[in-house]
2 protein chains.
Amino acid sequence: MNQAMETKFKPRLDQIKLDYKIWLADKDGNGILGDGKWRMLKMIGEKGSLKAACEELGYTYRRTWGNIKKIEDFFGFPLLEKHRGGAEGGSMALTEEGKLLVRAFDKFHSGADTLIQKGFIKFLDDISNK
Amino acid sequence: MNQAMETKFKPRLDQIKLDYKIWLADKDGNGILGDGKWRMLKMIGEKGSLKAACEELGYTYRRTWGNIKKIEDFFGFPLLEKHRGGAEGGSMALTEEGKLLVRAFDKFHSGADTLIQKGFIKFLDDISNK
DNA sequence: TCACGATATGCATGAAAAAGCATAACGCAA
DNA sequence: TTGCGTTATGCTTTTTCATGCATATCGTGA
């Protein structure tokens, strides 16, 4: 826009980063499945255990358990197979539906990643006024 | 994937909507400028007054004032011209830098909107397993 | 110089979300 | 049948964040 912009915005540009969240919501706007829960589902799939996944990601077991319930309540069928008791105490694994959902969200998210980053570059370009 | 998916995901698809937020953050991840603050800056520009803009958007003056301070502290220079006193009591208006920032975020945001919606359509398609 | 209306800012109260604590239920293996 | 480790769940405490209230500051016009 003018010389002032050059000298004012420029010094800060490398300290700005872009952040974003995408999530699925029900028709009332209540969040159902977003980045955190999606990561958690993936990790449960990898670890085979809710407890282990929570420790890995630093979430609390109590809260995460509630989240899972919320997701399944919404979809109306289980995304996870849960097993209590046994030699190992118990286990958890993704159902086929759960795996499908995670895969789809995965793909969607990585697509969004690149698109938004591309837009961000243009944004920085705009405010740095080339 | 299989017949089960067809019957399970299908009935809920029209009740799922996509939501997302994009914001600028400093290098520590603290949010600087997102949808709400961006809308507020625009509205201040239109109304010429912080008070009026808050009433229009339903935000509290106290909180919004703090947000503005946070944004300007980050950028290190004012995005708004503030005037106290006078016949009207005072006023607020976007500086040239403020206008440029709002325009750029505007453009960025509307671009992201369409791209993400497009991705979401594909996502729904994936989980409904055509 | 006084009143008015908007900006500027501290502080106290309240509401919502997260974290944390406790404890039951479960099923295998020893 | 007892111990172990994990899932399952209620309840309390803490933290975080927004709201609301009070009040100071300012500059013009009457």
Side-chain angles (χ1 to χ4, degrees), chain A residues 19 21 23 25-26 28-37 39-41 43-74 77-95 98, chain B residues 19 21 23 25-26 28-37 39-41 43-74 77-95 98:
Chain A
D19 220 338
K21 280 179 193 289
W23 66 95
D26 65 20
D28 300 322
N30 302 308
I32 301 300
L33 178 61
D35 292 10
K37 300 189 183 86
R39 244 190 302 277
M40 175 56 65
L41 287 178
M43 188 58 72
I44 293 172
E46 283 177 35
K47 295 278 177 182
S49 153
L50 174 54
K51 187 166 186 288
C54 286
E55 280 161 8
E56 182 70 26
L57 295 176
Y59 299 165
T60 65
Y61 183 97
R62 185 66 188 80
R63 176 165 169 59
T64 304
W65 183 89
N67 282 337
I68 288 173
K69 186 164 163 43
K70 211 159 46 169
I71 299 173
E72 294 189 331
D73 280 354
F74 174 77
F77 58 89
L79 300 171
L80 293 162
E81 272 173 35
K82 300 133 198 164
H83 301 286
R84 276 208 296 200
E88 315 287 290
S91 67
M92 219 180 255
L94 287 167
T95 60
Chain B
D19 220 338
K21 279 178 192 290
W23 66 95
D26 65 20
D28 301 321
N30 302 307
I32 301 300
L33 179 60
D35 291 11
K37 300 188 182 85
R39 243 190 304 274
M40 176 55 65
L41 287 178
M43 189 56 73
I44 293 172
E46 284 177 35
K47 294 280 176 181
S49 152
L50 174 54
K51 186 167 186 289
C54 287
E55 278 160 9
E56 183 70 26
L57 295 176
Y59 299 166
T60 64
Y61 184 97
R62 185 64 189 83
R63 174 164 171 60
T64 304
W65 184 88
N67 282 338
I68 288 174
K69 186 164 163 45
K70 211 159 45 168
I71 299 174
E72 294 189 330
D73 280 353
F74 174 78
F77 59 88
L79 299 172
L80 292 163
E81 273 173 35
K82 299 134 198 164
H83 301 288
R84 277 209 293 201
E88 315 288 289
S91 67
M92 218 181 256
L94 287 168
T95 60

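Quick caveat: nothing in here was measured; it's all calculated off a predicted structure. Letters A, B, ... are given to chains in the order of the sequence lines, protein chains preceding strands, and every chain is numbered from 1.
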Listing, residues 60-67 of chain B side-chain donor-acceptor contacts under 3.5 Å, not counting sequence neighbours, or none:
residue : atom : partner : partner atom : Å
B:T60   : OG1  : B:R63   : N            : 3.4
B:T64   : OG1  : B:T60   : O            : 2.8

Atom-to-atom span, NZ of B:K47 to P of C:dA6 - whole angstrom: 13 Å
Residue list, side-chain contact (heavy atoms from CB on, under 4.5 Å) with B:E81, at least two apart or on another chain: B:H83, B:T95
Main-chain N/O of A:N30 paired to A:D28 side chain as donor or acceptor, under 3.5 Å: no
Atom pair CG (A:L79) and CG (A:L94), whose distance is rounded to the nearest 0.5 Å: 8.0 Å
Straight-line distance of A:W23 CH2 to A:I32 CD1, nearest 0.5 Å: 12.0 Å
A:Y59 side, atom OH; A:R39 side, atom CZ - distance, nearest 0.5 Å: 5.0 Å
Contacting residues from residues 83-95 of chain B, given that a heavy atom lies under 4.0 angstrom of DNA chain C: B:H83, B:R84, B:G85, B:E88, B:G89, B:G90, B:S91, B:M92
side-chain N/O B:K82 vs C:dT7 OP1/OP2, d < 4.0 Å: no
Opening and closing nucleotides of DNA chain D in contact with chain B, under 4.0 Å to non-hydrogen atoms: D:dA18 to D:dG29
B:K51 atom NZ, over 12 foreign heavy atoms within 6.0 Å: no
Rounded distance in Å - NZ (B:K69) to C1' (C:dG10): 13 Å
Salt bridge (charged side-chain N to carboxylate O under 4.0 Å, His left out) involving B:E56 - partner list, sequence neighbours excluded: B:K47
NZ (B:K82) with more than 12 external heavy atoms under 6.0 Å: yes
Within 6.0 Å of CD in B:E72, more than 12 heavy atoms from elsewhere: yes
Distance, rounded to the nearest Å, where A:W65 contributes CH2 and C:dA19 contributes P: 17 Å
For DNA chain C, the residues among residues 53-63 of chain A that have a non-hydrogen atom under 4.0 Å from it: A:T60, A:R62, A:R63
Distance in angstrom units between B:L80 CG and C:dA8 P, rounded: 9 Å
Spacing between B:I68 atom CD1 and C:dA6 atom C1', to the nearest angstrom: 13 Å
Interatomic spacing from CD1 in A:I44 to CE in A:M40 - rounded to 0.5 Å: 6.0 Å
